[in-house]
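In what follows, a structure is listed as structure tokens, so that the remarks can point back to it.
Residue numbers start from 1 in every chain, and the chains themselves are labelled A, B, ... in the order their sequence lines are given, proteins ahead of strands.
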There are 2 protein chains.
Amino acid sequence: MENINEILSLDSKENTSNFSKGDILQREGENCSKAFFVKKGLIRSYTIDNKGKEHVFMFAPEKWVIADIESQEFNQPAKLFIDCVEASEVIILDRRLLFKSDLNIDQLKNNVNLLSRRVAVLQRRVIMLMSASAKDRYELFLETYPKIPNRVPQRMIASYLGITPQALSTLRGEIARKK
Amino acid sequence: MENINEILSLDSKENTSNFSKGDILQREGENCSKAFFVKKGLIRSYTIDNKGKEHVFMFAPEKWVIADIESQEFNQPAKLFIDCVEASEVIILDRRLLFKSDLNIDQLKNNVNLLSRRVAVLQRRVIMLMSASAKDRYELFLETYPKIPNRVPQRMIASYLGITPQALSTLRGEIARKK
DNA sequence: GTGATTTGTTAATCTACATGAATGCATAGG
DNA sequence: CCTATGCATTCATGTAGATTAACAAATCAC
């Protein structure tokens, strides 16, 4: 969701809110018509499975948008939690504003591009999850989010990769030893 | 990509082509501006990793659309192969027609919805790949594609699930024994 | 039809990663 | 300041699924 000119132009019409580290913007089960644009800080979305285990779906550093598109699209209560990894400044957008209202052709084309980009990123992630080892996935994470590894606790990175913090620790140990 | 009225309306302007089982519609490395709408039959997309192993990305039975959106979006040569699991009748669409040309507002809104749906499906698949066991993934596959399990070779289902054919065979054995 | 290749199944062994527990550090609250 | 809780790391052990191999059934080529 890199092209953000349009979103920023909505800034004046929408609220910018400030949140502290750990604040929860959306809980599982809630009605979720909101999307969150990160002006400053770092937020993440995640599920909690039936064994109580967290699975980080994505991180959103500055200028990224985060939303529970699956639940919105199927008109279901939220499947994802969204909370702040750092203190953050967030523009809260109504999803209907982004996708449904009386936008003009250029805005709609822009949205088509935003969504295509999102599909592309997810396609890559699915292929990666199916075919790559934990080490390869860690390396792709570093590429995808080059600026955030030192801002995110190890356990969240592990959760994003689909492995345990212990496995990530061992992995990092091996990588460090090789260099 | 369930809402297909618009696509079907393009039918007359576009070519319908017939393919035999095994025919390849797109190869890795090719320029890929096409999307494929399946009128009849069954096609799939997949990657081949650097160890020569296939990973099925998705199946497209009747009325589904398949395309390598990642490569198109980033203007790269195709990452995905696309071929026919069964003899198929396919409408070949130019991606630019679907996403880029002078469409009217309703058509663009429709495309936004198609892409949102696609994002939603991929979000679900990512979460599933991260958190679910092979057995759970198999059950979700049966839900996602209720009509095709008997039309697709086991090895392709295994590949879609991210496991080996042997593991799937054992799994199916266990499920059958329990019933 | 016949032989050859591909497919699905079962079983033995191997391995990447999970799980559980112990330890040293850090950060937070009183 | 001290204690408590959480976090990262390491190690011992467990396990889901990979790998390899063998074989039967199905499909393909001719």
Under 3.5 Å, is there a donor-acceptor pair linking the side chains of A:Gln26 and A:Asp83?
-> no
Would you kindly say whether A:Tyr138 and A:Arg172 are connected by a side-chain donor-acceptor distance under 3.5 Å?
-> yes
So how far off straight is the helix from C:dG1-D:dC30 to C:dG30-D:dC1, going by the axes through five pairs at either end, to 10°?
-> 50°
Nearest-angstrom distance from the residue atom [atom1] of [X] to [atom2] of [N]:
X        : N      : atom1 : atom2 : answer
B:Leu161 : D:dA16 : CG    : P     : 17 Å
B:Glu174 : D:dT15 : CD    : P     : 15 Å
B:Arg172 : D:dG17 : CZ    : P     : 16 Å

Identify the heavy atoms of A:Ile69 and A:Leu115 that sit nearest to each other, and give their distance.
-> CD1-CD2, 4.3 Å
Taking every non-hydrogen atom, the tightest pair across A:Asp49 and B:Ser131 | OD2-CB, 4.5 Å
Within residues 148-162 of chain B or reaching into it, pairs that qualify as salt bridge (charged side-chain N to carboxylate O under 4.0 Å, His left out) - sequence neighbours excluded = B:Glu62-B:Arg151, B:Glu86-B:Arg151
Those residues at least two apart in sequence (or on a different chain) that pass side-chain contact (heavy atoms from CB on, under 4.5 Å) with B:Thr170 are B:Glu174
Which nucleotides of nucleotides 17-30 of chain C have their base under 4.0 Å from a protein heavy atom (B), which only their sugar-phosphate (S), and which neither (-), written as one string 5' to 3'?
-> SSBBB---------
A:Gln72 (side chain) donor-acceptor with A:Lys34 (main chain) under 3.5 angstrom = yes
Side chain of B:Ser159, backbone of B:Val56: donor and acceptor closer than 3.5 Å?
-> yes
Check each residue of residues 153-160 of chain B for a non-hydrogen atom within less than 4.0 Å of any atom in DNA chain C, then write out the ones that pass by number, or none.
-> B:Pro153, B:Gln154, B:Arg155
Does NZ or CZ of A:Arg137 lie under 6.0 Å from the centre of the six-membered ring of A:Tyr160, at an angle within 45° of the ring axis?
-> no
In chain order, what residues pass the side chain to side chain donor-acceptor pair (under 3.5 Å) check against A:Asn18, with sequence neighbours excluded?
-> none
